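These numbers were taken from a predicted model, which means no experiment stands behind them.
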Amino acid sequence: MLEVSAALTQGQITPTELCQKRLSLIKKTKFLNAYITVSEEEDFKQAEESESRSKNEQSLGDLVGIPTAVKDNFSISGIETACASNMLKGYIPPSNATVVQKLLDQGALLMGKTNLDEFAMGSRSTDGVYSEQYREKRKQNPHSKNEDLDWLMTGGSLGGTAVAMSAFTCYVALGSATGGSTRNPAAHCRLVGFKPSYGLVSYHGLIPLVNLMDVPGILTRCVDDAAVVLSVLAGHDTNDCTTVQDPINPFIWFGRCEQTITVFLVQIEGAKVIEVSIPHTSYSIVCYQVLCTSEVALNMARLDGLQYGHRCDIDVSTQSMYASTRQEVFNDVVRGRILSGNFFLLKENWENYFIKAQKVQRLIANDFANTFNSGVDVLLTPTILSEAVPYLEFIKGDNRTRTVNMAGLPAVSIPAARPNQGLPVGLQLTGHAFCDQQLLTVAKWFEKQVQFPVIQLQELMDDFSSMITHHQKSANILLSEKYF
């Protein structure tokens, strides 16, 4: 992203030209099903504004003219925000989410809204209404070896956004990160997925899943870019009472302050590696399910067909209309979570499920606190246990990422290796709460040591057809595998 920003500043390419090329690539890679909505007209308006800034010699930030994608559960004024659900189909938010507004204020170009699981409930990005055609094909031919059906899973629920990044249709992307939705797809798609500390970045305008764990996540291709985007998004928001009140010191741009970064890297070189235990991790999956479904039941209660959203034609009674409306538009995953959550919140179950889950969540948070208080600065774990797998072989497995959300800590997944199949896997680093800059510094060091292949600017400027062919050959990005 920083190289593209430099090219724009130096006049090697204009924002309008870059926008046109990204839109052309979005059309060429439509088969990937990455985007739900493409805001073409708005893109060109924003590009023209960026060019006006340059001509008027106004100060240009690193995000001016940078194509950006946003997951379809962030509100964007004037653009449909449906959360990949028929319930909200046609819903146009009256205002922008705080993080979206901050990006637009910096001159970023919003390419469109990306695909996801319905209401971000899922971990494979195929459970949204816009992915139905692919699910049906697989159901009709469960044992087929047809190449069109043998696509791989990106994880979720940020799969569409990760695909948009991997296909080079954008250079920065935003998504929600509730239990691993940013880091898991990043690990599968050779990206950097960053989840900030809870309260560092506002989630105002993000259609909620689990309020106590929802955090806007950042997808980039390198750690430098993630640090730049975080510096733009971090800070107090009067519309979000969970954001920190204290002023946020500007983050050091990696590569802009060589003396400071050198000191950090020298300190890391002498780091001591020890094994630690997070004892209550084994309870995290069950604990997360109770807390998640309980909050889902509460948050989804507003979507009843009475206030807004889809409404069925049945008018026998309010209760019948309410039940039929939800039956018509919610998929099995969403309905299942609503039912489970309401069960856990029943008066006779409250103490045995929800309260106990909250106590376990506190124990998990204490495990992390005790580990960090013992002198540990950063925790190192796998992000995922395997590379991307086909639809039929996919198994949920994000317990290594959920615990971090339950503790409210910052975490980042960086590309670490390509196993025998040629597909990437990720390395997860977790840091102290609100020590996001230190965490990204360590991640930068690991990124430098691993030296996972990074696509250079000149390659991005080449003809798109040759670019895709080149990346297929080099296995840096396998578009032919049809990640979802």
* Audit row: Ser413, Thr383, side chain to side chain donor-acceptor pair (under 3.5 Å) steps and yes/no -> CA-CA 6 Å; Ser413 175; Thr383 308; 2.9 Å; yes
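- At least one side-chain heavy atom of Glu447 sits less than 4.5 Å from a side-chain heavy atom of Val192.
- A search for side chain to side chain donor-acceptor pair (under 3.5 Å) contacts involving Gln428 returns Arg183, Thr381, not counting sequence neighbours.
- Shortest non-hydrogen contact noted between Gly160 and Thr114 is C-CB, 3.9 Å.
- Ala357 pairs by the side-chain contact (heavy atoms from CB on, under 4.5 Å) definition with Cys287, Val290, Leu291, not counting sequence neighbours.
- The OG1 atom of Thr441 sits 7.5 Å away from the CD atom of Gln438 when rounded to the nearest 0.5 Å.
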Just distance, no hydrogens or angles: give the donor-acceptor pairs under 3.5 Å from side chains in residues 197-211, sequence neighbours left out.
from: Ser197; atom 1: OG; to: Phe434; atom 2: N; distance (Å): 2.8
from: Ser197; atom 1: OG; to: Asp436; atom 2: OD1; distance (Å): 2.7
from: Tyr198; atom 1: OH; to: Asn211; atom 2: O; distance (Å): 2.9
from: Ser202; atom 1: OG; to: His204; atom 2: N; distance (Å): 3.1
from: Ser202; atom 1: OG; to: Asp237; atom 2: OD2; distance (Å): 2.6
from: Tyr203; atom 1: OH; to: Asn211; atom 2: O; distance (Å): 3.4
from: Asn211; atom 1: OD1; to: Asn299; atom 2: ND2; distance (Å): 2.8

Note to self: If you apply the rule side-chain contact (heavy atoms from CB on, under 4.5 Å), what do you find for Phe372 with Leu379, and how did you get there?
What the structure shows: CA-CA 9 Å; Phe372 287 128; Leu379 284 173; 4.2 Å; yes
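- Partners of Thr169 under the side chain to side chain donor-acceptor pair (under 3.5 Å) rule, at least two apart in sequence or in another chain, are Tyr35.
- Considering only residues two or more places apart in sequence or on other chains, Thr178 meets the side chain to side chain donor-acceptor pair (under 3.5 Å) condition with Asp214.
- In terms of heavy-atom proximity, Lys102 sits nearest to Ala234 at NZ-O, 3.5 Å.
- A side-chain donor-acceptor contact under 3.5 Å links Arg335 to the backbone of Phe330.
- For the pair Leu174/Leu103, a side-chain contact is recorded, criterion being any heavy-atom separation below 4.5 Å from C-beta on.
- For the pair Leu88/Phe119, a side-chain contact is recorded, criterion being any heavy-atom separation below 4.5 Å from C-beta on.
- When all heavy atoms of Leu409 and His432 are compared, the closest pair comes out as CD2-C, 4.3 Å.
- Residues Thr154 and Gly159 share a closest heavy-atom pair of OG1-CA, 3.1 Å.
- For the residue pair Ser123 and Asp117, the shortest heavy atom distance occurs at N-OD2, 3.5 Å.
- Note: Asn405 CG to Ser284 OG = 11.0 Å, rounded to the nearest 0.5 Å.
- When side chains are defined from C-beta on, Met1 counts as touching Leu63, because their heavy atoms get closer than 4.5 Å.
- Under the 4.5 Å side-chain criterion, counting only non-hydrogen atoms from C-beta, Thr81 is not in contact with Ile92.
- Separation of atoms CG (Leu233) and OG1 (Thr98) is listed at 10.0 Å; rounding is to 0.5 Å.
- The aromatic rings of Tyr283 and His280 are tilted relative to each other, their planes meeting at an angle between 30° and 60°.
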Item to complete: Take Asp127 and Glu118 through the test side-chain contact (heavy atoms from CB on, under 4.5 Å) and record every step on the way to the result.
Response: CA-CA 6 Å; Asp127 290 324; Glu118 185 169 352; 5.5 Å; no
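- At least one side-chain heavy atom of Met213 sits under 4.5 Å from a side-chain heavy atom of Met406.
- Screening residues 341-356 for salt bridge (Lys or Arg N to Asp or Glu O under 4.0 Å), with sequence neighbours left out, gives no hits.
- Scored by the side-chain contact (heavy atoms from CB on, under 4.5 Å) test, Asn342 finds Ala297, Ile338 as partners (sequence neighbours excluded).
- A 4.5 Å side-chain heavy-atom check between Pro410 and Lys195 finds every atom pair outside the cut-off.
- Atom CZ of Arg124 is separated from atom CG of Asn184 by 14.5 Å, given to the nearest 0.5 angstrom.
- Applying the salt bridge (charged side-chain N to carboxylate O under 4.0 Å, His left out) rule to Asp246 yields no partners; only residues at least two apart in sequence or on another chain are considered.
- Between the CD1 atom of Ile218 and the CG atom of Leu191 there is a distance of 13.5 Å, given to the nearest 0.5 Å.
- For Arg362, the salt bridge (charged side-chain N to carboxylate O under 4.0 Å, His left out) criterion is met by no residue, not counting sequence neighbours.
- A search for side chain to side chain donor-acceptor pair (under 3.5 Å) contacts involving Gln101 returns Asn96, Asp105, not counting sequence neighbours.
- In this structure, CG on Leu303 lies 7.5 Å from OG on Ser85, to the nearest 0.5 angstrom.
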Open item on the list: Test side-chain contact (heavy atoms from CB on, under 4.5 Å) on Val228 and Asp225; report intermediate values, then the result.
Closed with: CA-CA 5 Å; Val228 171; Asp225 294 350; 5.6 Å; no
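- Using a 4.5 Å cut-off on side-chain heavy atoms (C-beta onward), Val412 and Val442 make no contact.
- Closest approach of Ser95 to Ser75, counting heavy atoms only: O-CB, 3.7 Å.
- Residues meeting the side-chain contact (heavy atoms from CB on, under 4.5 Å) test with Leu380, sequence neighbours left out: Leu427, Leu429, Phe446.
- Residue pairs meeting the salt bridge (Lys or Arg N to Asp or Glu O under 4.0 Å) criterion with at least one partner in residues 66-84, sequence neighbours excluded, are Asp72-Lys113.
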For the pair Tyr171 and Leu18, evaluate side-chain contact (heavy atoms from CB on, under 4.5 Å) and give the outcome as yes or no after the intermediate values.
CA-CA 11 Å; Tyr171 300 109; Leu18 183 60; 3.7 Å; yes
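- Salt bridge Asp224/Lys444: present, at least one basic N to carboxylate O contact under 4.0 Å.
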